[in-house]
Protein chains: 2
Amino acid sequence: MSTTDPGVRRTRTDMRNLLIEAALIEFGCKGFDGASTRAIARRADAHQPQINYHFDSKEALWEAAVDHLFDLLNAALLPPALELHGPERLAASPDDVLGERFADRVRRFVRFAADHPELNRIIVHEATAETDRLRWMVDRHVRPLFEETQEAWTRLQTTGIAAPIDASSAHYMMVGAASLPFVNAPEVRLLAGIEPTDSAWVESHAEGLIAMLLPGRRSSS
Amino acid sequence: MSTTDPGVRRTRTDMRNLLIEAALIEFGCKGFDGASTRAIARRADAHQPQINYHFDSKEALWEAAVDHLFDLLNAALLPPALELHGPERLAASPDDVLGERFADRVRRFVRFAADHPELNRIIVHEATAETDRLRWMVDRHVRPLFEETQEAWTRLQTTGIAAPIDASSAHYMMVGAASLPFVNAPEVRLLAGIEPTDSAWVESHAEGLIAMLLPGRRSSS
DNA sequence: GTCTATAATTAGATAGAC
DNA sequence: GTCTATCTAATTATAGAC
């Protein structure tokens, strides 16, 4: 039985999950060094020593939180078994299918960045220096995603669908453009007076990014 | 007389500048809370109490460092008095001039992001929560630049030069795409095995971004 | 202006009662 | 599993000799 009601004892798994979710927010906002275990515990309605009971160390908590976040990302990027149905499927060329699959992946990534700004916040915090934590995260989680994107981009360029941009540049343009309005959401609210996490804004941002990345795409609505 | 030779007394201005430069690096890598005044002082070959001698507080040092960084940015974005010379100038339509001026601004911004990754690192660190420091930085430094970009983008859209993307989206796509490879340079080196700050890579990244943002542009080389 | 010494606070981690 | 109390180390800032 899972619950977070006051007075009701939380199970081991509940407590671990609450601490991980709290850790993602604190690590995302303040970075590893800036986040304090006391603040993480407080956010999960727990006491600071419970972190060292449920995890070996602050670093072990960080690893568990990052693992969980990339699990969520990978689940969110998984495409449905079949994207095209009926007549559209018959009319679609293999190139179009490739383009639509990439567009769908961008759309899913933008939505995830809006729902989980901690992902790109944590990456930016860690990627400013070549540390053990960065190497761990890159080898374990980022590299497989990076290589998938690189391969898809190279194929899309041969079809003329993708913009004429080096694959290494394109990956960072895609990730940076997709995520910054959500990473910097409090700045967006102050600067532009809009709410970037509104679903209409998220979808419009995604379609704009797709249009920029894939100028040779045939619209598929 | 300015010097950083050992044994030679540094002037007040020298010491302030050295502390500001050290602060930019530390604040950029670790964020305000994660950066320690001891580490900043050590990086400037100074002792920790010198920070409180030359600045009122850690926060005052942060403000001085951010002021200095945006001064550098604004200087780097200033276009030359005349961009076009000779026959090209006569042949250019007003729309083309507008497009080339924007392209030049993007190029300068990409170069600055490569030379000063601290700028976008500090913004990302501060923009994750609506704090007094964020409000101060947005009102004092970011808003004027944002409004300039918004205005230029809107005009470029009426000419058909700019991609069909909302101005608020476009600003964050531009900044995010331009800066992420430099903000995350250590990740780029691990992932792609390239050096993003090499000037050839910087220029190629800039031209790729300009091509994406301004698909209706007439090349001017 | 710079340095040593230190005050006051907060950090991550541990011990032991319950 | 959770809580209080506490240890050691690191934090920002200040005092005062030089």
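These numbers were taken from a predicted model, which means no experiment stands behind them. So that the names make sense, note that chain A is the first sequence line, chain B the second, and so on, each numbered from 1.
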Picking from D:dG1, D:dT14, D:dC3, the nucleotide nearest the side-chain atoms of A:Arg12 would be D:dG1
Nearest-Å distance for atom pair [atom1]/[atom2], residues [X] and [N]:
| X | N | atom1 | atom2 | answer |
| --- | --- | --- | --- | --- |
| A:Lys58 | C:dA13 | NZ | P | 8 Å |
| B:Leu61 | D:dA13 | CG | P | 10 Å |
| A:Tyr53 | C:dG16 | OH | P | 17 Å |
| A:Lys30 | C:dA11 | NZ | P | 9 Å |
| A:Ile40 | C:dT10 | CD1 | P | 17 Å |
| A:Asn52 | D:dA5 | CG | P | 18 Å |
| A:Arg42 | C:dT10 | CZ | C1' | 12 Å |
| A:Arg16 | D:dG1 | CZ | P | 10 Å |

According to the side-chain hydrogen bond (donor to acceptor under 3.5 Å, both in side chains) rule, which pairs have a member within residues 110-120 of chain B, sequence neighbours left out?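 Applying side-chain hydrogen bond (donor to acceptor under 3.5 Å, both in side chains) to every pair that reaches into residues 110-120 of chain B, excluding sequence neighbours, yields B:Arg111-B:Glu203.
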Going by the side-chain hydrogen bond (donor to acceptor under 3.5 Å, both in side chains) test, name the single residue among A:Arg38, A:Arg42, A:Arg43 that passes it with A:Glu26. A:Arg43
Report yes or no: do A:Asp67 and A:His141 form a side-chain donor-acceptor pair below 3.5 Å? yes
Does D:dG1 have its OP1 or OP2 closer than 4.0 Å to a side-chain nitrogen or oxygen of A:Gln50? no
State whether B:His47 places a side-chain N or O below 4.0 Å from either non-bridging phosphate oxygen (OP1 or OP2) of C:dT2.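 Looking at the OP1 and OP2 atoms of C:dT2, neither is under 4.0 Å from any side-chain N or O of B:His47.
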Looking for any heavy atom pair under 4.0 Å, which part of the strands does B:Ala35 touch: base, sugar-phosphate only, or nothing?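 If one applies the 4.0 Å heavy-atom cut-off, B:Ala35 turns out to touch the sugar-phosphate alone, with no base involved.
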Look at the side chain of A:Arg38 against the base of C:dG12 and say whether a donor-acceptor pair falls under 3.5 Å; ignore hydrogens and angles. yes
Partner set under side-chain hydrogen bond (donor to acceptor under 3.5 Å, both in side chains) for B:Ser169, not counting sequence neighbours: A:His205
A:Asp198, CG atom: more than 12 neighbouring heavy atoms under 6.0 Å: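 Enclosed: over 12 neighbouring heavy atoms sit under 6.0 Å from CG of A:Asp198.
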5' precedence on DNA chain C between B:Met15 and B:Gln48 (nearest-nucleotide basis):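 Looking at DNA chain C, the more 5' nearest nucleotide goes with B:Met15.
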Assuming nearest nucleotide by heavy-atom distance, tell me which of A:His54 and B:Phe32 is located more 5' along DNA chain D.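 In this pair, the answer is A:His54.
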